[in-house]
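Here it is, the structure in full.
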Protein chains: 2
Amino acid sequence: MQLAATARSASPANVLPFPIPGFGRAQAMLNPLVGRTLHFQRGAEIYPAGKAADQLYQVFSGTVRTCRLLPDGRRMIAQFALAGELFGLDGVGRHRFFAEAVTDAVVIAFSRRDIAAWVDRDPAAAQSWHSYTLEKLAAAQDRFILLGRRTAAERVAAFLLDLADRGKGPDGVIELPMSRYDIADFLGLTAETVSRVLTTLRKNRLVANHGTHHLRILNRDALEEQADEEAA
Amino acid sequence: MQLAATARSASPANVLPFPIPGFGRAQAMLNPLVGRTLHFQRGAEIYPAGKAADQLYQVFSGTVRTCRLLPDGRRMIAQFALAGELFGLDGVGRHRFFAEAVTDAVVIAFSRRDIAAWVDRDPAAAQSWHSYTLEKLAAAQDRFILLGRRTAAERVAAFLLDLADRGKGPDGVIELPMSRYDIADFLGLTAETVSRVLTTLRKNRLVANHGTHHLRILNRDALEEQADEEAA
DNA sequence: CGTCGGATTGAGAACGTTCAAGGGGCGTGG
DNA sequence: CCACGCCCCTTGAACGTTCTCAATCCGACG
């Protein structure tokens with residue numbers, strides 16, 4: 001929140017990528033670059049599908065989703081970008097997804113041309129940038145398993161653990177800025193199924209609710225067991 | 001097949017990446033590098049999950065799959081690599097999937113260190129290499145939609161169209177080197193469901209079978225309509 | 001305190017899976 | 001060259017998980 005205030009005071013001047021605790025590689029990656037600060041209201045479109053993919057975005061505050069719609073209304077969310085995280089890396093020439101603000105959000109836009117130029121100059125940057133995309137590729141392949149071979153309960157448990165690791169909230173409290181519909185479209189389920197799984201988790205005392213958009217993990221081991229019907 | 005004979009005669013000497021018609025970018029990418037030729041029998045393991053990811057592979061002949069197993073036996077296939085295509089780009093430090101030969105296969109292994117060194121030297125190579133990984137990332141995100149939001153019939157139709165585009169067979173004849181179980185584990189279905197969808201496609205005269213591992217597309221428009229319940 | 005969007009809960013249906021049996025193709029051995 | 005056997009593919013029937021449809025509930029916000 002203090003961060004958001006800082007962004008607002010810096011706007012509309014250009015800003016450097018801001019430091020976020022625990023935001024290692026991507027931070028180092030973008031540090032020498034200058035971006036434009038943009039503000040979006042909850043639900044606002046950040047870029048449409050098909051737009052030239054000439055920018056990369058970092059979330060300053062709030063949460064962003066990247067989505068695609070099928071003509072019959074089915075929707076898939078490819079990514080939730082939390083504060084500090086990057087998005088906009090869908091498609092090579094043009095965006096294949098559209099991006100929207102899940103909550104009111106402040107976003108820093110970097111020119112892909114600047115990134116390319118800087119990567120050409122600095123071999124360490126090139127290395128950092130390349131291993132970032134490789135990491136995303138590996139994460140995407142992990143998601144194949146989630147979407148193709150896991151049950152609803154496993155998907156939701158994995159999602160909660162992922163958010164717990166990425167969110168920097170204190171002692172096991174997870175913030176869920178997105179709706180049950182968003183979660184469902186991210187996991188390939190329906191909102192009703194997500195709700196039912198969360199209810200079961202609460203009844204089994206694996207998690208406790210603090211309003212609809214916050215929950216606390218009570219038994220992480222059991223949650224991990226439910227998420228990973230898988231040996232490491 | 002002539003290609004395979006050439007590979008055999010070149011082995012065990014080192015070889016350059018070979019040209020494959022219609023294999024543009026990755027070809028240009030690897031041209032200056034030298035790799036080792038490896039032979040695998042149908043079903044043989046090419047690398048295990050967890051192995052240090054210090055090589056990148058190009059399929060010379062045959063087909064390769066990259067998979068992960070859950071402890072209860074569920075399996076997911078992340079990729080089928082056909083002749084000319086690359087595989088081994090799962091995981092940054094270590095492979096997160098294992099690779100197996102779907103059919104007898106000849107594979108060329110390139111050292112990632114060689115690739116890194118060459119990319120450091122040649123900016124055009126770096127560009128080519130980077131946009132290759134970005135393209136793979138975009139393709140992975142498309143697969144999220146397939147796995148999370150499409151029906152069995154849509155998945156199978158999309159799979160056939162994809163193979164038709166990648167395989168260089170004549171006039172709409174598709175080769176399916178993999179089993180129905182492989183297809184199922186690639187699409188997040190069961191072999192029975194894949195078989196039933198293929199039967200329906202045959203009955204509706206969208207495709208014709210020529211043995212279990214070859215089929216011909218009779219009505220591509222209808223197949224595309226079935227695959228894309230989606231506007232471009 | 002009222003209203004509205006999202007969340008929860010319930011009942012029934014559907015799609016895909018599971019379990020089971022039968023059929024076909026290919027390779028091997030006689 | 002033919003027969004056998006194995007593997008995989010196909011088909012059927014029953015089951016189950018998840019979806020769909022619908023009603024109610026809750027919480028945020030005016």
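Convention: sequence-line order gives letters A, B, ...; per-chain numbering from 1.
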d(CG, B/Asp182; P, D/dC7) in whole Å: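 One finds 16 Å between P of D/dC7 and CG of B/Asp182, rounded.
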Worksheet entry | Non-hydrogen side-chain atoms of B/Phe144 and A/Phe144 separated by less than 4.5 Å |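 A side-chain contact under 4.5 Å exists here.
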| message | Expressed as a whole number of angstroms, how long is the span from B/Asn209:CG to D/dC8:P? | response |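 So the CG-P distance, B/Asn209 to D/dC8, works out to 18 Å.
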task: Mind checking B/Thr193 for me? I need base, sugar-phosphate or nothing, with any heavy atom below 4.0 Å counting as a touch.
output: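 The residue B/Thr193 makes base contact.
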Q.
Could you check, using the six-membered ring where one of them is a Trp, whether B/Tyr47 and B/Phe97 have ring centers closer than 6.0 angstrom?
A.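 Between B/Phe97 and B/Tyr47, which both carry aromatic rings, the centre distance is not below 6.0 Å.
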To the nearest angstrom, how far is B/Met178 atom CE from D/dC8 atom P?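 Value for this atom pair: 15 Å.
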Positive for salt bridge (charged side-chain N to carboxylate O under 4.0 Å, His left out) with A/Glu85, one of A/Arg166, A/Arg65, A/Lys136: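 Testing each of A/Arg166, A/Arg65, A/Lys136 against A/Glu85, the sole residue satisfying salt bridge (charged side-chain N to carboxylate O under 4.0 Å, His left out) is A/Arg166.
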I'd like to know if B/Glu192 reaches the base of D/dC8 with its side chain such that a donor and an acceptor end up less than 3.5 angstrom apart.
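No, the side chain and the base share no sub-3.5 Å donor-acceptor pair.
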**Q.** Single hit among B/Asn209, B/Leu218, B/Val197 for side chain to side chain contact (heavy atoms under 4.5 Å, CB included) with B/Arg202
**A.**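 That would be B/Asn209; it is the only one of B/Asn209, B/Leu218, B/Val197 passing the side chain to side chain contact (heavy atoms under 4.5 Å, CB included) with B/Arg202.
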### Rounded distance (Å) that lies between atom C1' of C/dT18 and atom CZ of B/Arg74
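In whole Å, C/dT18 C1' lies 14 Å from B/Arg74 CZ.
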Inset, instruction - Between B/Ser179 and A/Thr151, just flag the one whose closest nucleotide in DNA chain D comes earlier from the 5' side. - result: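 Nearest nucleotide further toward 5': that of B/Ser179.
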**Q.** Nearest-nucleotide comparison on DNA chain C, the residue closer to the 5′ end among A/Ser195 and B/Ala152
**A.**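 Mapping each residue to its closest nucleotide by heavy atoms, the 5'-most match is A/Ser195.
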Self-check item: Sub-6.0 Å ring centroid separation between A/Phe110 and A/Tyr57
Solution: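 Aromatic pair excluded; centres sit 6.0 Å or further apart.
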**Asked** So, B/Asp90 side chain and B/Arg96 main chain: donor-acceptor pair closer than 3.5 Å or not?
**Response**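 Present.
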| said: Rounding to an integer number of Å, can you tell me how far B/Arg180 CZ sits from C/dG16 C1'? | reply: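 Distance, rounded to whole Å: 18 Å.
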Where along residues 196-206 of chain B does a heavy atom come under 4.0 Å from DNA chain C, residue by residue in number order?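 Under 4.0 Å from DNA chain C: B/Arg196.
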I need the CD1-P distance between B/Ile183 and C/dT17, as an integer number of Å.
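Those two atoms, CD1 and P, are 14 Å apart.
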> Is the NZ or CZ atom of A/Arg143 both under 6.0 Å from the centre of the six-membered ring of A/Phe186 and within 45° of that ring's axis?
Replying inline: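 Flagged: A/Arg143 positioned over aromatic ring of A/Phe186.
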Note to self: Rounded to the nearest 0.5 Å, what separates atom CZ in A/Arg68 from atom CZ in B/Arg149?
What the structure shows: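 Reported value, rounded in 0.5 Å steps: 14.0 Å.
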Exercise. Does A/Thr190 make a side-chain N or O approach to OP1 or OP2 of D/dC19 shorter than 4.0 Å?
Worked result: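 Yes, such a contact exists.
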Worksheet entry | Distance, rounded to the nearest Å, where A/His210 contributes NE2 and D/dC26 contributes C1' |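 Going from A/His210 (NE2) to D/dC26 (C1'), I get 17 Å.
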Original post:
For B/Thr63 and B/Pro177, which heavy atoms make the closest approach, and how far apart are they?
Top reply: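 For B/Thr63 and B/Pro177, the tightest heavy-atom pair comes out as OG1-CG, 3.2 Å.
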Item to complete: Would you mind reading off the distance between A/Arg149 atom CZ and D/dT18 atom P, rounded to a whole angstrom?
Response: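 Atom CZ in A/Arg149 sits about 13 Å away from atom P in D/dT18.
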With 3.5 Å as the limit, what N/O pairs link the protein to nucleotides 23-29 of chain C?
none

- request: Would you tell me if any nitrogen or oxygen in the side chain of B/Arg42 comes within less than 4.0 Å of OP1 or OP2 on D/dC8?
  value: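 For D/dC8, OP1/OP2 do have a side-chain N/O of B/Arg42 under 4.0 Å.
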